[in-house]
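Contents: one structure, followed by commentary.
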Amino acid sequence: MEAEGTQGQFKRHPGRTNVKAATLPEALKHAVDVLLEKYPLSNLKKDAIHLSNCLWARCRPVEAYELTDKIEAINKRISETDDLDLSTMDEEERHFAERRRKRDVSYLVKKKVYNWQPIDFNPYSSFLYMTSRMSGEYSSLVKVFTEICKRDPEFAPGTLFDFGSGVGSVTWAANALWSKSLREHYCVDASEDMNKLASLLIRDGEEEKNARFKEVYFKRFIPASHELTFDLVVSAYSLLELPNQQSRLQTVESLWRKTNQYMVLIENGTMAGFKNILEARDYILQLGNTGDEDKEKLKGHVFSPCPHDLSCPKMSPGLRIPCNFQTKYWQHPVLQKNAEHSIARFCYVVLHKGPQKDDDWPRILTGLLRRPRHVHCPLCCADGKLVHAVVTRKKHGRAMYRCARSSDWGDRLPAIVDTDSTDIPDENNDNSEDICDELADENVDLSHKKDTDTINTFPTDTISNHS
């Protein structure tokens, strides 16, 4: 029989993020309601859903070289299938055949190639964005910020830089956790109408009221000087709005140069969003390895979600699936379909300047499969490998089993994985009633589904020191 309070301690193990279904702060919900009452819109619900679907389905702009390759491939395929011998035709016939082939190529290019276009956020589309996207974005930001706050409790940002600030979700989410320390907010968005709407929201929907947060500045462009730096730099759902790879990398490098401690990048949980996050992650890590004079200033590491700075195993040949996570939230009543919460799926990376903060515990990559007396845990490990671990009480002990069963998608499992080891230690004595003694004494291994990978040890000061 378990000791009293044990189950709650397992649910609060130090790898857990423990974020409930998020809802907008009361002040923000009030400001949104004031604006919707002040400017009633007849087709708001239908158009808001349409905009949200369009933004979710948004793909990366096609690079010039990619477009050239696609045109050549399509032209070659048409040439091989139409069986036309231009050399046997007279000039008029050849001219007609070439025109027809060019028309066919143009049609297939338009059909096959994503036609990326910039979105102009005017006052109406800004309202739609606020209604359809703000709740989901706020919930994903709160989840990411909560992990930073939990793993680095001494981090108290004084300054915040928000690129692509939109309606101000980052400002609200950051103040939900660090309102006492934040003293300056620098928000950059190319849309003047978005900036006006964000400014209204922090003033309870009324222009004449004072802002709820200290020193909030709305700008349209990133400051050119790298001397101006910030403790926390965030780009949320903005990289897909940049026209090409060069502009994305230039923007990411500029943001990283303005970062004192943490830079957070968040995008849609689609393959397009994941590719942008991975591109930015690899580029920043590469910057720290360059031989220029700014090497030390640019050096950093991945704080979350990856437990390593190696290449992403999810993009290995034959796999290539997005590494995304999800969070629950309550949608605005205008769009709430029923009494159930909605789910926001997102990709993100948190980069940190300075020494590594803590452990290299593996990350749970998808939803767990909880079965009678065992749990399937898909893990990304510190050596850059994917492991499918099956945790049982009999084999790994009560503490490890209860921690695994209490974990969820996106949590870190408090165990050390040795994917090269095939030596599976003996089962541990599991008769202790006291959870602290149990965690201090236990050595746990998690065998791979095919008995090729193991988790060798369970840290000795996990739950007892962090609960």
Side-chain angles (χ1 to χ4, degrees), residues 1-21 305 307 313-314 321 323 325-328 343 359-383 385-467:
M1 183 175 181
E2 295 182 353
E4 184 177 356
T6 296
Q7 182 61 29
Q9 286 181 303
F10 282 124
K11 289 183 177 180
R12 296 189 302 271
H13 73 72
R16 289 274 284 154
T17 305
N18 258 357
V19 176
K20 297 180 180 179
K314 281 209 163 187
I321 54 177
C323 180
F325 304 90
Q326 66 180 26
T327 182
K328 301 173 183 177
I343 293 178
D359 50 74
D360 53 2
W361 292 344
R363 178 83 55 172
I364 299 173
L365 294 184
T366 59
L368 297 175
L369 290 175
R370 299 177 180 87
R371 296 292 183 261
R373 296 182 295 279
H374 68 279
V375 184
H376 293 262
C377 302
L379 305 173
C380 180
C381 303
D383 59 357
K385 295 181 181 179
L386 298 178
V387 172
H388 184 153
V390 181
V391 186
T392 68
R393 173 169 177 159
K394 180 179 179 181
K395 188 172 185 179
H396 307 111
R398 180 173 67 111
M400 185 72 259
Y401 173 69
R402 298 308 303 177
C403 278
R405 200 166 187 88
S406 300
S407 299
D408 210 341
W409 186 351
D411 290 339
R412 296 174 305 135
L413 192 65
I416 300 172
V417 181
D418 180 8
T419 57
D420 295 325
S421 174
T422 58
D423 180 29
I424 303 177
D426 294 335
E427 296 172 8
N428 297 287
N429 188 355
D430 189 35
N431 296 323
S432 173
E433 290 282 340
D434 184 79
I435 186 172
C436 300
D437 293 341
E438 186 172 9
L439 294 176
D441 295 340
E442 235 178 322
N443 289 322
V444 180
D445 77 277
L446 293 184
S447 59
H448 187 277
K449 189 175 181 181
K450 297 180 180 179
D451 291 329
T452 58
D453 301 314
T454 61
I455 294 183
N456 290 333
T457 61
F458 193 97
T460 59
D461 59 348
T462 53
I463 297 179
S464 57
N465 293 339
H466 294 81
S467 296

Practice task
Return the set of residues passing side chain to side chain donor-acceptor pair (under 3.5 Å) with S407 (not counting sequence neighbours), or none when no residue passes.
Solution key: H13
Handout entry: K314, NZ atom: more than 12 neighbouring heavy atoms under 6.0 Å
Key = yes
Problem - Side chain R402, main chain R393, donor-acceptor under 3.5 Å - result: no
Handout entry: Rounded distance [0.5 Å steps], NE2 in H388 versus NE2 in H376
Key = 5.0 Å
Exercise for the section: List for me each residue that meets side chain to side chain donor-acceptor pair (under 3.5 Å) alongside R16, sequence neighbours excluded, and say none if there are none. Expected result: N18, D411
Problem - Heavy-atom closest pair, residues W361 and P414 - result: CD2-CA, 3.6 Å
Fill in the blank from the handout: Output for pair (K395 NZ, Y401 OH), nearest 0.5 Å, gives 15.0 Å
Problem - W409 side chain to L365 backbone, donor-acceptor under 3.5 Å - result: yes
Exercise for the section: First locate atom CD1 of I364, then atom CG of L379, and finally report the distance between them rounded to the nearest 0.5 Å. Expected result: 6.5 Å
Fill in the blank from the handout: Tested for side chain to side chain contact (heavy atoms under 4.5 Å, CB included) against C377, the lone hit among V391, V387, V390 is V391
Exercise for the section: Report the distance from atom CG of L368 to atom CG of L413, rounding to the nearest 0.5 Å. Expected result: 8.5 Å
Exercise for the section: Would you give the length of the straight line joining atom CZ of R412 to atom CG of D360, rounded to the nearest 0.5 angstrom? Expected result: 10.0 Å
Exercise for the section: Return yes if some donor-acceptor pair links the side-chain N/O of R363 with the main-chain N/O of C380 below 3.5 Å, else return no. Expected result: no
Exercise for the section: Give, for atom CZ of R405 and atom NE2 of H374, the distance between the pair rounded to the nearest 0.5 Å. Expected result: 9.0 Å
